[in-house]
Structures are given as structure tokens and as C-alpha cells.
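A note on names: the letters A, B, ... follow the listed sequences, proteins ahead of strands, and every chain is numbered from 1.
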Protein chains: 2
Amino acid sequence: MLSKACTYGILASLYIARESRKRDNYVPIGQMSEKLNISFHFLTKILQQLTSAGLLASMKGPKGGVRFKKPLHEITLLDIVIAIDGMELFQECLLGLPGCGDEEPCAVHNEWSKLREETYVLFKGKTLAETSAKIEDLNLRFALPKIMTD
Amino acid sequence: MLSKACTYGILASLYIARESRKRDNYVPIGQMSEKLNISFHFLTKILQQLTSAGLLASMKGPKGGVRFKKPLHEITLLDIVIAIDGMELFQECLLGLPGCGDEEPCAVHNEWSKLREETYVLFKGKTLAETSAKIEDLNLRFALPKIMTD
DNA sequence: CTCTATACAGACTTAATCCTCTTAATACTC
DNA sequence: GAGTATTAAGAGGATTAAGTCTGTATAGAG
């Protein structure tokens with residue numbers, strides 16, 4: 001469904017969102033990679049994609065790191081997904097048929113495009129503000145063990 | 001979403017279904033691979049999965065090939081998908097969190113599991129009889145060019 | 001019985017994804 | 001200005017998915 005890079009990107013985004021609600025600093029990638037248990041260099045590359053997509057601002061040097069450029073309620077999971085995995089997910093024919101579309105639908109086009117649209121709407125409706133808040137409500141220590149222990 | 005092998009498996013299944021409604025012979029994989037423009041050996045491996053899953057019966061030798069063991073209206077796209085890609089698609093957490101489930105949901109678990117369920121129902125509701133009939137109704141020469149020219 | 005057309009099996013190759021490493025460049029601290 | 005903590009950039013390695021090849025077994029045809 002989503003690439004590993006994309007799920008890491010979402011997790012990292014939720015982490016950054018959570019940190020930035022606590023204090024307004026840049027969040028260093030090194031700390032983040034430890035807490036999320038994701039390879040530092042790999043995470044760096046993923047976050048660079050978010051930076052060059054204009055979602056994150058980055059700062060080098062001590063006290064550097066990354067943070068979101070816009071308020072958290074203006075950034076959605078869709079923004080993250082598109083920046084990393086692109087739009088193909090919401091456009092591809094289930095059967096991989098090249099000409100499939102509304103005009104020349106494949107055998108499952110109508111149902112499938114409806115599901116794709118629902119998926120799109122789901123991602124679009126999830127802001128970082130709302131979603132990162134939910135993480136704390138639910139206290140997901142099972143999944144993100146080190147986030148909760150700093 | 002689906003692996004290449006799985007989409008090829010579905011296309012081949014629709015082809016077999018279509019052929020077997022015309023005459024009751026085994027469908028040779030060589031002919032199928034030409035018509036669908038899929039590598040013969042690769043397609044063979046994929047169809048072996050359907051055979052060992054009990055969906056297809058196969059016959060060696062001249063006039064041999066594969067055909068479905070059950071009537072077409074009793075076989076769904078879900079059967080094909082599960083035989084090739086397994087059930088993970090309908091079980092995995094969107095964020096890849098290991099403990100995510102109804103008891104300890106991740107931040108998007110509820111919405112995501114609803115979508116997964118809809119996907120499952122979509123596949124389950126699509127029988128080969130209905131779906132392969134649709135292919136001819138819609139005359140999908142754009143996508144399956146060689147199917148229509150034999 | 002032999003020949004041929006087919007499926008079966010598994011090793012191998014290629015391509016894509018995932019991840020790591022090394023070397024910059026830059027900003028802060030003293 | 002030197003030292004250090006950080007991101008940036010890109011090469012390279014590891015793993016998995018995708019695809020190819022070679023050979024074997026088997027069923028039918030003559």
C-alpha cells in the first residue's frame with residue numbers, strides 16, 4: 001500500500017508534530033531516529049523529501065533540525081503521502097491496465113475508483129494536529145515505545 | 001497495492017474464465033501468455049500457485065492446460081488475491097505498527113480498517129462469471145488487445 | 001513406442017526497494 | 001576563528017520482488 005519510506009515519513013511527522021506542540025524548537029533528526037527506531041541516514045533522506053516539498057523547514061548546526069512550515073492543522077497526511085509516494089496510489093488501475101479510466105473502465109474500475117477516492121479523502125481529512133493529539137490520547141506505548149519515555 | 005504477480009493472476013483468471021465459457025477445454029498457458037503479453041514462465045509460476053491453492057485443475061500433454069475446478073460464479077477475485085498475495089493486505093496496519101488492532105488502535109486504525117473491510121467485500125463480491133462477462137460487454141481492446149483478436 | 005505439446009520444478013538473473021556509509025556544507029558556541 | 005552538532009547529497013550494499021532459463025515429467029497422437 002504505502003512504501004516503507006512513506007510510513008516512516010508519517011510516523012516522523014507525527015513525532016515532529018508532537019514535539020512542536022511541546023516547544024517551538026527545531027527537532028533534530030538524530031533524536032527522532034532513536035525514539036522511532038528508524039535508521040538515522042534513511043530517515044534523513046525521507047525528511048529531505050518533505051523539506052524539498054516545502055512541508056518542513058530545516059536548520060543546520062547545533063539546535064538545528066526540522067520543523068513544519070505551516071500550522072499543524074493545515075497539514076494533512078495526504079501532504080506527506082504525496083510528497084513521498086506521489087499520486088500514483090490514487091490513480092492506478094487495480095489491474096494495471098494502461099488505458100483504464102472513466103471513459104474506458106476495466107471490469108472493476110467503478111468500484112475501485114470509489115475506494116481510491118475514499119482513501120484520498122481519508123488522508124486528506126487527517127491533519128497532523130488532530131492525529132498527533134490522538135497519539136497521546138491513546139498512549140500508544142505498544143507501537144512507539146520510546147516516544148513516551150523521554 | 002497488489003503485487004504484479006497478483007494482477008497478472010487476475011487477468012489470467014479472467015482470460016481462462018472467458019475461454020471456458022466458449023468451450024470446455026483446458027486453456028494452454030502458452031497461448032494465454034501470448035494473448036495477455038505476459039512472460040510464459042512467469043505466468044506459469046503464478047498459475048501454479050492457483051493450482052496448488054486448489055482453484056485450478058491442470059493437465060499435462062497435448063490438449064493440456066488449466067481450467068477452473070469450480071463453476072465461475074463460485075470463484076471470486078478474493079480467492080485469486082488470497083492465493084497469490086495472501087491475507088496481509090486485509091490485515092496490515094497502515095502505519096506498519098505491530099500491535100495495532102481494535103483493542104489498541106493506531107491514530108488511523110478505525111478509518112483504515114473500515115476501508116480494508118470495504119476492499120475485502122469488493123473482491124469477495126466479484127465473481128469470475130460476472131467480471132469476465134463484463135470484459136466482453138465493455139470490449140476492452142485498449143487494455144487486452146490480443147484477447148479480442150483470436 | 002516414439003514424438004510432441006504441455007505443465008512442473010527449481011536455479012538463476014535482473015530490477016526495484018530498502019538501508020548504510022562517507023563526505024560535504026552550515027550554523028551555533030566558545 | 002576553531003570546534004562541534006547538525007542537515008545535505010549522493011554513492012554503494014543488502015534484501016526482496018520480478019522475470020528468465022534450463023531441464024524434467026507426463027499425457028496424448030500417430
Item to complete: Could you tell me whether the phosphate oxygens of dT20(D), OP1 or OP2, come under 4.0 Å of any side-chain nitrogen or oxygen in S39(B)?
Response: yes
Worksheet item: Mapping L47(A) and P62(A) onto DNA chain D by nearest heavy atom, which one lands closer to the 5' end?
Response: P62(A)
Discussion item. Rounded to whole Å, how long is the line connecting atom CE of M59(A) with atom P of dT26(C)?
Written reply: 13 Å
Item to complete: Using only heavy-atom distances, decide whether a donor-acceptor pair under 3.5 angstrom links the side-chain of H41(B) to the base of dC21(D).
Response: yes
Fill in: Sugar-phosphate only, base, or nothing, as touched by I29(B) at under 4.0 Å among non-hydrogen atoms
sugar-phosphate
Practice prompt. Check whether any side-chain nitrogen or oxygen of S58(B) sits under 4.0 Å from OP1 or OP2 of dC8(C), and answer yes or no.
Written response: yes
Practice prompt. Kindly indicate whether a cation-pi arrangement holds for R67(B) with Y26(B), taking the cut-offs as under 6.0 Å to the six-membered ring centre and within 45° of the axis.
Written response: yes
Item to complete: Measure the distance from NZ on K63(B) to C1' on dT4(C) and round it to the nearest whole Å.
Response: 13 Å
Worksheet item: When the distance from CD of Q31(B) to P of dA5(C) is rounded to whole Å, what number comes out?
Response: 15 Å
Worksheet item: Is it true that E111(A) and K126(B) have a side-chain N and a carboxylate O under 4.0 angstrom from each other?
Response: yes
Worksheet item: K60(B) side chain: which of dT4(C), dA7(C), dT6(D) is closest?
Response: dA7(C)
Worksheet entry | DNA chain D: 5'-proximal contact among G64(A) and K45(A) (nearest heavy atom) | G64(A)
Worksheet item: Is the distance from OP1 or OP2 of dG19(D) to the nearest side-chain N or O of K4(B) less than 4.0 Å?
Response: yes
Worksheet item: When hydrophobic residues are tied together by side-chain contacts of less than 4.5 Å, even through go-betweens, does V121(B) share a cluster with V108(A)?
Response: no
Worksheet item: What does Y26(A) touch in the nucleic acid at a heavy-atom separation under 4.0 angstrom: a base, only the sugar-phosphate, or nothing?
Response: nothing
Worksheet item: Relative to the ring of W112(A), is the ring of F123(B) parallel (under 30°), tilted (30 to 60°) or perpendicular (over 60°)?
Response: tilted
Discussion item. Nearest whole Å is fine: how far is dC8(C) C1' from L56(B) CG?
Written reply: 14 Å
Worksheet, complete the sentence: In whole angstroms, the gap separating C1' of dT7(D) from CZ of F42(A) amounts to 17 Å
Worksheet item: Rounded to whole angstrom units, what separation is found between the CD1 atom of I46(A) and the P atom of dC19(C)?
Response: 8 Å
Discussion item. Just the rounded figure in Å: distance from P of dG19(D) to CG of N37(B).
Written reply: 12 Å
Worksheet item: Closer than 4.0 Å, any side-chain N/O of Y8(A) to the OP1 or OP2 of dC19(C)?
Response: yes
Practice prompt. Using whole Å, report how far CD of E34(A) lies from P of dA5(D).
Written response: 14 Å
Item to complete: Give a yes or no on whether a salt bridge exists between E19(A) and K22(A), defined as a side-chain N under 4.0 angstrom from a carboxylate O.
Response: yes
